[in-house]
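To keep things clear, I will list the structure first and then write my remarks on it.
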There are 2 protein chains.
Amino acid sequence: MSRPAYHHGDLPQQALQQALDTLRAESDTAISLRAIAKHIGVSAPALYRHFADRESLLAELAITGFMLLRDRLRDRLRQVDQADSRHALLHIGLAYISFAEDEPNLYRLMFGGRILPKGAHPRLDEAGLEAFRVLEDTVARGQSVGYLKPLPLPLMTATAWSMVHGLSELTIDGHLPGADIEPTLAESVLTLLLDGSRNEQQNQ
Amino acid sequence: MSRPAYHHGDLPQQALQQALDTLRAESDTAISLRAIAKHIGVSAPALYRHFADRESLLAELAITGFMLLRDRLRDRLRQVDQADSRHALLHIGLAYISFAEDEPNLYRLMFGGRILPKGAHPRLDEAGLEAFRVLEDTVARGQSVGYLKPLPLPLMTATAWSMVHGLSELTIDGHLPGADIEPTLAESVLTLLLDGSRNEQQNQ
DNA sequence: TAACAAAGTTAACGGTGATAACATCAAAGG
DNA sequence: CCTTTGATGTTATCACCGTTAACTTTGTTA
C-alpha cells in the first residue's frame, strides 16, 4: 500500500538517512551512491534525480549536521543561567565539544575540508553561519554585560571558535591523551581561555 | 643508463613525491595508485611491493608532513630569543599556522581523520609526537621561567595546541572571514590566549 | 653457474561515480 | 475521458579505482 514501484516519494529523505547511518557506522568515504540505492531499493542513477552528484549529497548531510549543532548549542543555552556569562560561555563550549564527540564522522564531514571550496554550496554556508551566530551572540552578550574584554567581536568569536574546534578535533582524533585531567580536559582548557578573556577592569 | 626496466631502484621515493605533488595540486582523494604508477612509468601493482595499500602510502605522506612541521617549528624557535617566553610562544604558534596555510591539503591529511585509527601506523604516531614535543618543550620552558601559569603541563600544552590547530583549520577552510583584523587574526588570537595564560604572580 | 629472493609484469575481480537512452506513472488540460 | 507532458524511475554502459593472483625478470649469493 505504501510502495508504488515508481515515484517512491520519499527517496531523498531515505537516501540521506541511509547515508547518515553509514557515516555514523563507518566514515564518509564509506558512503557510496550504489550502496545507498540498493539499500533503499532503488537503482543508483535514480539518486541523480535528487542530488547533482555524490558531493551534493554529502553537502546535504553536512547541512543537517550544522542544524543539529545549532540546536544543540541553543538547547544548552536554554538550560543555563543567561545572566552568568562565564557559565553560559563555558557550557556552550562544552556543548560544542560534546556534539563533536557524539558525531565524530559527521563533525569531520562538516569541517574536514571534504566538501569542495567554500561557496560551492550556498545553503551549506548559510547553515554553518547559523550555528556560528549562536556562539557569536553568546560572546557578544558576554561583552555587553562587561564580563569579556571589549575587543573586536570577530576577534573574540574567532578565538572562542578556534579553541572549541581545535579541542574537538584533537579529541575525536585521539591526539589528546589526557582524559586523566581534572575535572575534564575540555572544562579545564575552556576555563583557562575564559579566565584570559575576562575583562579585569569591570568584573562581571 | 639510469633506467633499468626492472629494479627501478627509486620507486618508493618517486611514488611519494608524485603523491605529494597531486596532494598539493588537488586533494588527498585525488591520489590514485594507478595514476601514480603511470606517472612514474611503472605498473600499478608494483607499488604494492613498497606499500601495503593506499592508506599506507598516505600514512607515509603524513609522516613526512609531521617531519616538515617539526622542522618548521624548530627553525622558527632558532630564530627567536629563547629567553623571551612570550615571544617564543607567539612565534611557534605563528609558525604552526603558517605551515597549515602553506600546506593545507597535507595538513588536513595529517589531522583530518583520513587515516584510520590512531595506533594503526606506529611510525606516524611517533612522527606526530615529535612535532608535538617541540610545542610541549616550549610551553614547559615558559612555565619553568615563570612566564606561564604553573598548571599541569598536559593541560597547558593541550590548550595551546587546540588553539593553533583550531585556528589553522578554520583558516584554511575559509571559515574565518577576518583577515581584516589588525595586525593579523592569528597574532591577535594568540596574543589573547597568551595574556590569559600568563602567570600574574611572577611576571616573566 | 645454479638457486633464491627481490622487484617487476599482465590479467582479472569487484566496486565506484557518472551519463545516455528508454520506461513508467501522476497530474493537468482540452 | 483521454491525451499529453514532465517528473521520476529503469537498464546498459563507460572509465576509473584498489587489490589480488600468477607469472617473469633481474641482482645477489653460495
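Throughout, protein chains are lettered first and strands after them, A, B, ... in sequence-line order, and every chain is numbered starting at 1.
Atom CG of B:Leu57 and atom P of D:dC17 are 14 Å apart (whole Å). When the P atom of C:dC25 is taken as reference, atom CG of A:Leu11 falls 16 Å away, rounded to whole Å. Atom OH in B:Tyr48 sits roughly 14 Å away from atom P in C:dT9 (whole-Å rounding). Spacing between atom CG of B:Asp10 and atom P of C:dA7 amounts to 13 Å, rounded to whole angstrom units. A:Ile40 has its CD1 atom 13 Å from the C1' atom of D:dT8, to the nearest Å. Atoms CG (A:Leu33) and P (C:dG17) sit 4 Å apart, rounded to a whole Å. Atom NE2 in B:His50 sits about 9 Å away from atom C1' in C:dA6, given to the nearest Å. Atom CD1 of B:Ile36 is separated from atom P of D:dC16 by 16 Å (rounded to the nearest Å).
Around the CD atom of B:Glu101, the shell of radius 6.0 Å holds more than 12 heavy atoms that belong to other residues, nucleotides or ligands.
Not a single donor-acceptor pair, N or O on each side, falls under 3.5 Å between the base of C:dG15 and the side chain of A:Arg34. Checked by distance alone, A:Arg54 brings no side-chain donor or acceptor within 3.5 Å of a matching partner on the base of C:dG17.
If you check the side chains of A:Asp21 and A:Gln17, you find a donor sitting under 3.5 Å from an acceptor.
Proximity of A:Arg198 to A:Leu148: side-chain heavy atoms (C-beta onward) are nowhere separated by under 4.5 Å.
Between A:Ser32 and C:dG17 there is a side-chain N or O to OP1 or OP2 distance below 4.0 Å. For A:Ser43 and D:dT11, the shortest distance from a side-chain N or O to OP1 or OP2 is not below 4.0 Å.
The nucleotide whose nearest atom lies closest to any side-chain atom of B:Arg49 is, among D:dT20, D:dA22, C:dC22, D:dA22.
Residue order along DNA chain D, read from the 5' end via each residue's closest nucleotide, puts A:Gly41 first among A:Gly41 and B:Pro45.
A perpendicular orientation is assigned to the rings of A:Tyr107 and A:Tyr96, their planes being inclined by more than 60° (bins at 30° and 60°). The aromatic rings of A:Phe111 and A:Phe66 sit perpendicular, their planes meeting at an angle over 60°, well past the 30° parallel limit.
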